Q: 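Here it is: the structure, laid out below.
Residue numbers begin at 1 in each chain, while the letters A, B, ... track the order of the sequences. Bear in mind the structure is a predicted one, so any value in this text is a computation, not a measurement.
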Protein chains: 4
Amino acid sequence: MSRKSNTEQRREEIVAALLAVMAEQGYEKATIQAIAQQAGLAPGLIHYHFKSKGEILIELVKSLATLSHARYLDLAAAASTPRQKLQAYIDARLAKGPGAKPEAVAAWVVVGAEAVRQTEVRQVYEEALAFELALLHTLLGDYLNERSKRSGNVRKLAAGLLAFMEGAFQLASAAQNVMPKAYAATVAMQFIDRYIDAEPDLAGKP
Amino acid sequence: MSRKSNTEQRREEIVAALLAVMAEQGYEKATIQAIAQQAGLAPGLIHYHFKSKGEILIELVKSLATLSHARYLDLAAAASTPRQKLQAYIDARLAKGPGAKPEAVAAWVVVGAEAVRQTEVRQVYEEALAFELALLHTLLGDYLNERSKRSGNVRKLAAGLLAFMEGAFQLASAAQNVMPKAYAATVAMQFIDRYIDAEPDLAGKP
Amino acid sequence: MSRKSNTEQRREEIVAALLAVMAEQGYEKATIQAIAQQAGLAPGLIHYHFKSKGEILIELVKSLATLSHARYLDLAAAASTPRQKLQAYIDARLAKGPGAKPEAVAAWVVVGAEAVRQTEVRQVYEEALAFELALLHTLLGDYLNERSKRSGNVRKLAAGLLAFMEGAFQLASAAQNVMPKAYAATVAMQFIDRYIDAEPDLAGKP
Amino acid sequence: MSRKSNTEQRREEIVAALLAVMAEQGYEKATIQAIAQQAGLAPGLIHYHFKSKGEILIELVKSLATLSHARYLDLAAAASTPRQKLQAYIDARLAKGPGAKPEAVAAWVVVGAEAVRQTEVRQVYEEALAFELALLHTLLGDYLNERSKRSGNVRKLAAGLLAFMEGAFQLASAAQNVMPKAYAATVAMQFIDRYIDAEPDLAGKP
DNA sequence: TATGAATGAGTTTTCATTCAT
DNA sequence: CATGAATGAAAACTCATTCAT
């Protein structure tokens, strides 16, 4: 009887190792040797499970996106109103509450820089962001409906929030000494609430 | 008798070459060879003018910060009201109007990723951001005064805007297909105006 | 399943190659390429087994010290009296008799020059010399006892002999045409015997 | 009227600079840039006065030999007996008394290592040592005559002393922590005196 | 599947020497 | 004579990838 394949587990271990190393070394410095050591595996084994280093990165991008969404689903489970769901989304992405992983944030920032120049990375990176943007758009739309507000600018607000969150990741990873403590989630909700409240209220009009 | 020094000029040429190469290749791929070729210089000359590749990067960070501020000063010269100055600042940083350099934006994003792990880069990067944050704080304060508003949250608003702008850079460089066109400057001013208008107006109180 | 490690053997081969190349080229000219070629290995493999060129040098210093001491132990095995042991020591260090390696002598000289400026090299170099000095001190003490002599100057005599031997290495490597043939071992024993015989004989005193 | 050539002075400055740099950096690390900086000259000027870096080294070897001999002549001027002259020689070479230059000693050690592999250096190095050996031989012969002793071994004694002194330089430069303080000059004279006193005195024989 | 040695191309850096000014 | 920029060949070191075991 042949022994059971552990490929899937190994791949996950390797991706996790890249995440850890990349968070503090960057992508180029995350050598196969370093990843192998972090994972407690032999270097040669990495290339048995992945064709190339780039393939691990791609897998990591997907993994990070999945992770983030899983966090949202977790938090959203306890939310009933549209506002609570929005709050859950913000908290999940800005890594509040249980399961926060600063090294995942740092890795995501590095991924973003790689996406600037690696086409394949950019593709999955954009896919992930497009997904988030769509989700955010929906959540914001629901929230507007709850308030009986309308806005032609939900799309821009969603884009603005997405940009804000990406920037918050960046600054949390590379300029933590400069930023105020714990501003991100608060500011995000304020942006949303005040943005929406300032919309002309069409609901009550005759 | 003595030969005239052109070091300052050469250093600027080299920094400009790094900017150009880094914008589309990233920092690691911006090899000394590539920089030299971009600048039309012999590779050895790079190290005659700079002790190391890292030193060029540090110089570039300073240069980008200076460039951005110069753009603000340019635009602000024509601004008279606090709101116009704020607008000038936003436009300058988000690279609207004349003098916009998309490659400088891309380079800044890559710099940000390097700041995650290179201590020296992080230092100058943080210095630059701290400067921007202070300036933004001042501009927002002036704007509030103009509106006879008060806010204990100017600091958080400034931080939020800074994060938003950094994120906008990131997404403009690595996810241009996902984002709406020309959302950034508009959204930034809306964040500001609505944030401020939602503040309790204390001016008229006895 | 697992591949057997040959690291220890490879490291020894590489150290031996450095010894050979350094003996006739000096340390700086003993390039990684040259060492690799001497050892019949690929250049990259050198850095797989050693972190840096300096590490190979450190290893070589230790190896030379060990080699020299092994030669002494070999020769001393056949010696019964303290004088014979001293003679064995002198012969071993001055590379008389079977197992003499002129290239090891030349390499040791080069090591000595590197010890002038490389702190790490100086450390192991000094350790090796301190060991030799202590051994020489012991051997001389035993010899004195045999002769029923006493001397407060054994320490200085040992130091003098050590210096003499190091100088003999130097001159054998760099000024062989100037020095008399085969003077070293003879002169060393004469220094010892006459030095000791000139000491006031305290043995017969009441 | 043409301006006076300062070539000779410049050459001496450059040689002195090499001495200083080489004493603490070794020969390979004594770059033209470093030499120029030490001398306070422009790098290009070095090659105006010397054809190559090696030529400076040759000049330095000669300079060091001359310096050492000048020191002997200085000290010997006040010596009347053969023993005093010997003492003067030993003191001069082992750098006792006024004019001692530890950095010259270190440089000489480095020179010795270069002599192992550079033919041209070895030539002048050997010339210098041959000169010292001959002088030492003469001084020892005179001392023997004064004592009415004879010895067929003056040549070997001279060689032994020369080796001892070179070794003392080496150990003073690279193993100062291991050696006793101020042993060298004392031990040298003891080697001489006891060596000679132990010779069979043929003078009084019938 | 797993190991770890091996390869070789590529990278930063150094530096003697040259040369225009 | 003097300056200092410029060159290009070499050096150490890195590392993804391959492969024998």
Q: Just to be sure I understand the geometry, which residues of residues 45-59 of chain D put a non-hydrogen atom under 4.0 Å away from DNA chain F?
A: Leu45(D), Tyr48(D), His49(D)
Q: Starting at the 5' end of DNA chain E, which residue's closest nucleotide do you reach first, Thr7(A) or Pro43(D)?
A: Thr7(A)
Q: Just verifying a value: how many Å separate Leu41(A) CG and Tyr48(A) OH, rounded to the nearest 0.5 Å?
A: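 Leu41(A) atom CG to Tyr48(A) atom OH measures 13.5 Å (nearest 0.5 Å).
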Q: Quick one about Glu127(C) and Gln123(C) (side-chain donor to acceptor, distance below 3.5 Å, no hydrogens or angles considered), yes or no?
A: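 Distance-only check fails for Gln123(C) and Glu127(C).
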Q: Tell which nucleotide pairs with dC15(E), taking only Watson-Crick or G-U wobble pairs whose two distances are both under 3.5 angstrom.
A: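 Paired with dC15(E), as far as the under-3.5 Å criterion goes, is dG8(F).
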Q: Look at the side-chain N and O atoms of Ser5(C) and state whether any lies under 4.0 Å from the OP1 or OP2 oxygen of dA5(E).
A: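 Yes.
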Q: On DNA chain E, check which nucleotide each of Gly40(A) and Tyr27(D) is closest to and give me the residue with the more 5' one.
A: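 Of the two residues, Gly40(A) wins.
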Q: So how far is it from Leu19(D) CG to Leu60(D) CG, rounded to the nearest 0.5 Å?
A: 5.5 Å
Q: Return the minimal non-hydrogen interatomic distance between Ile56(A) and Phe50(A), and the atom names on each side.
A: CG1-CG, 3.6 Å
Q: What does dT21(E) pair with, Watson-Crick or G-U, if both distances are under 3.5 Å?
A: dA2(F)
Q: Using whole Å, what does the distance between atom C1' of nucleotide dT14(E) and atom CD of Glu28(C) come to?
A: 11 Å
Q: Can you tell me if the side-chain N/O atoms of Arg10(C) get under 4.0 Å from OP1 or OP2 in dA6(E)?
A: yes
Q: Do Gln37(D) and Gln33(D) pair up side chain to side chain, a donor and an acceptor below 3.5 Å, judged on atom types alone?
A: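 Side-chain D/A pair, Gln37(D) to Gln33(D): absent.
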Q: Grab the NZ-P distance between Lys29(D) and dT13(E) for me, whole Å please.
A: 15 Å
Q: Rounded to the nearest angstrom, tell me the gap between atom CD1 in Ile14(A) and atom C1' in dA2(E).
A: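 Distance check: Ile14(A) CD1 to dA2(E) C1' gives 11 Å.
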Q: Using whole Å, what does the distance between atom P of nucleotide dC13(F) and atom CD of Gln33(A) come to?
A: 17 Å
Q: Of all the nucleotides listed (dA5(E), dT13(E), dA5(F)), which has the minimum atom distance to the side chain of Ile32(B)?
A: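 Shortest atom-to-atom distance from the side chain points to dT13(E).
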Q: Let me know the distance between CD of Gln9(C) and C1' of dA6(E), rounded to the nearest Å.
A: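 Rounded to the whole Å, the gap is 14 Å.
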Q: Roughly how far, to the nearest 0.5 Å, is the CD1 atom of Ile14(D) from the CD atom of Glu12(D)?
A: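 The CD atom of Glu12(D) sits 10.5 Å away from the CD1 atom of Ile14(D).
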Q: To the nearest angstrom, how far is Glu8(A) atom CD from dT1(E) atom C1'?
A: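 After rounding, the reported distance stands at 15 Å.
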Q: If you round to the nearest 0.5 Å, how far is CD of Glu24(A) from NZ of Lys29(A)?
A: 13.5 Å
Q: Quick one: is dA2(F) close enough that its OP1 or OP2 comes under 4.0 Å of any side-chain N or O from Asn6(D)?
A: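 So the side chain of Asn6(D) is within the cut-off, an N or O lying under 4.0 Å from OP1 or OP2 of dA2(F).
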